[in-house]
Novice: 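Right, I'll just put the structure down here and ask away after.
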There are 4 protein chains.
Amino acid sequence: MAEDVSDAPAGFAKEQLKSLIERIERLEEEKKAIADDIKDVFAEAKANGFDVKALRTILKIRKEDADDRKEHEAIVDLYCQALGIFA
Amino acid sequence: MAEDVSDAPAGFAKEQLKSLIERIERLEEEKKAIADDIKDVFAEAKANGFDVKALRTILKIRKEDADDRKEHEAIVDLYCQALGIFA
Amino acid sequence: MAEDVSDAPAGFAKEQLKSLIERIERLEEEKKAIADDIKDVFAEAKANGFDVKALRTILKIRKEDADDRKEHEAIVDLYCQALGIFA
Amino acid sequence: MAEDVSDAPAGFAKEQLKSLIERIERLEEEKKAIADDIKDVFAEAKANGFDVKALRTILKIRKEDADDRKEHEAIVDLYCQALGIFA
DNA sequence: ACGTTATTTAAAAAGC
DNA sequence: GCTTTTTAAATAACGT
């Protein structure tokens, strides 16, 4: 669609492009603001004597645990498939 | 503070840790949601025939321009401060 | 060193550059050859009726388990640090 | 084959699975070792004053040239085949 | 401030 | 072909 402007109102694709770019830029600003908030929380934690590296590790582990839970549910099934066993 | 639990109510640091972890996890969820939104916009752009790689290039150029503008403004401010001029 | 050729035999840096490039290209060829071997094994597995996706999952889990083992050894310590407890 | 264990010695598919997994894990170790070697060469280049990013650009260009060459040769071969010419 | 390491993002590749 | 995964590159954080 975007490359075929011959049968479109003049500037249509251009407007659409502008809109897409601005939406993405807006979202990226929001994302950056949240990233900054996260940094602030880490800074606060550090100011209160917490070991930031340890906090990061805890967060990482909790994330992995959450991610793995779904995955591990599928493993037994997959092993069975892999072995040609009908569980 | 966190390492000195001797004069704090039992579990104080623990509660604070819990709070920090949860705040960060919440913010990271929000960040991820926005990242997903951005992906959606790129997908929409692609579906409308736009070249995603070209879009990224445009965004990058605009970002650099914006960064340059901020840098320029920062330098001007600095000079104004140095000169005692209130711009 | 590379940018200062004034006190070096003519073409020294050039030779060194050539050597570096060729070493990397050689290694990348070897890497590609091994990647191809891996693909062959998957193809063989598939030909023998194994579910390739399941195999990949098993490999992934085994890798994660191996990686996590060291990490999990450090977690208790880190939790303790994060909580200001001396384990 | 793997899914039909009815006429195979017990544990046959399992042994085959084990073998496949181990072969792949071995190959992936080798691949990783080579990737590490490549990193070492880049580190050495950097230590000798070379611009790593520029090196990567050179490698990319040479790779594209090589790919183009192969593609060209493939087309020539194809034409030769089509024309019954033995090149 | 530097250099190293970790994270995040973009490009490339592989499979369906 | 297109979509998901893998790999590479850029960026950013952290300690020194």
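Order of the sequence lines fixes the chain letters, A, B, ..., with proteins taken first and strands second; residue numbering starts at 1 for each chain.
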Novice: Report the residues that fulfil salt bridge (charged side-chain N to carboxylate O under 4.0 Å, His left out) with D:D67, sequence neighbours left out, ordered by chain and then residue number.
Specialist: D:K63
Novice: Students often get this wrong, so: under 4.0 angstrom with heavy atoms, is B:K32 touching a base, only sugar-phosphate, or nothing?
Specialist: nothing
Novice: Could you state the interatomic distance from CD1 (D:I24) to CG (C:L59), rounded to the nearest 0.5 Å?
Specialist: 5.0 Å
Novice: Considering only residues two or more places apart or on different chains, which pairs with a residue in residues 17-26 of chain D satisfy salt bridge (charged side-chain N to carboxylate O under 4.0 Å, His left out)?
Specialist: C:E44-D:R23, C:R62-D:E25, D:K18-D:E22, D:R26-D:E30
Novice: Provide, to the nearest angstrom, the distance between the NZ atom belonging to B:K31 and the C1' atom belonging to F:dA12.
Specialist: 11 Å
Novice: Please work out the stems of DNA chain E from pairs that are Watson-Crick or G-U wobble with both distances under 3.5 Å, keeping only runs of three or more consecutive pairs.
Specialist: E:1-16 with F:1-16
Novice: Please report, rounded to the nearest Å, how far the C1' atom of F:dA9 is from the CD atom of C:E28.
Specialist: 13 Å
Novice: Among all residues two or more places apart in sequence or in another chain, which pass the side-chain hydrogen bond (donor to acceptor under 3.5 Å, both in side chains) test with C:K60?
Specialist: A:E71
Novice: Donor-acceptor pairs under 3.5 angstrom involving side-chain atoms of residues 33-43 of chain D: please list them, not counting sequence neighbours.
Specialist:
residue: D:D36; atom: OD1; partner: D:K32; partner atom: NZ; Å: 3.4
residue: D:D36; atom: OD2; partner: D:K32; partner atom: NZ; Å: 3.0

Novice: Distance under 4.0 Å to a non-hydrogen atom of chain C counts as contact; along DNA chain E, which nucleotides mark the start and end?
Specialist: E:dA14 to E:dC16
Novice: I need the D:N48 CG to C:L17 CG distance, nearest 0.5 Å.
Specialist: 11.0 Å
Novice: My understanding is that only residues two or more places apart in sequence, or in another chain, count here; which of them pass side-chain hydrogen bond (donor to acceptor under 3.5 Å, both in side chains) with B:K46?
Specialist: none
Novice: Supply the atom-to-atom distance B:I58 CD1 to A:I21 CD1, rounded to the nearest 0.5 angstrom.
Specialist: 5.0 Å
Novice: In whole angstrom, give the distance that lies between atom CD1 of D:I24 and atom P of F:dT6.
Specialist: 13 Å
Novice: NZ of A:K39 versus C1' of F:dA12: gap in Å, rounded?
Specialist: 8 Å
Novice: For residues 53-65 of chain D, which residues have at least one heavy atom under 4.0 Å from DNA chain F?
Specialist: D:K53, D:R56
Novice: Evaluate the side-chain proximity of C:K31 to C:L27: yes if any heavy-atom separation is below 4.5 Å, no if none is.
Specialist: no
Novice: Enumerate the residue pairs fulfilling side-chain hydrogen bond (donor to acceptor under 3.5 Å, both in side chains) with a member in residues 49-59 of chain D, sequence neighbours excluded, ordered by first and then second residue.
Specialist: none
Novice: What is the distance from atom CG of B:D68 to atom NE2 of B:H72, rounded to the nearest 0.5 Å?
Specialist: 10.5 Å
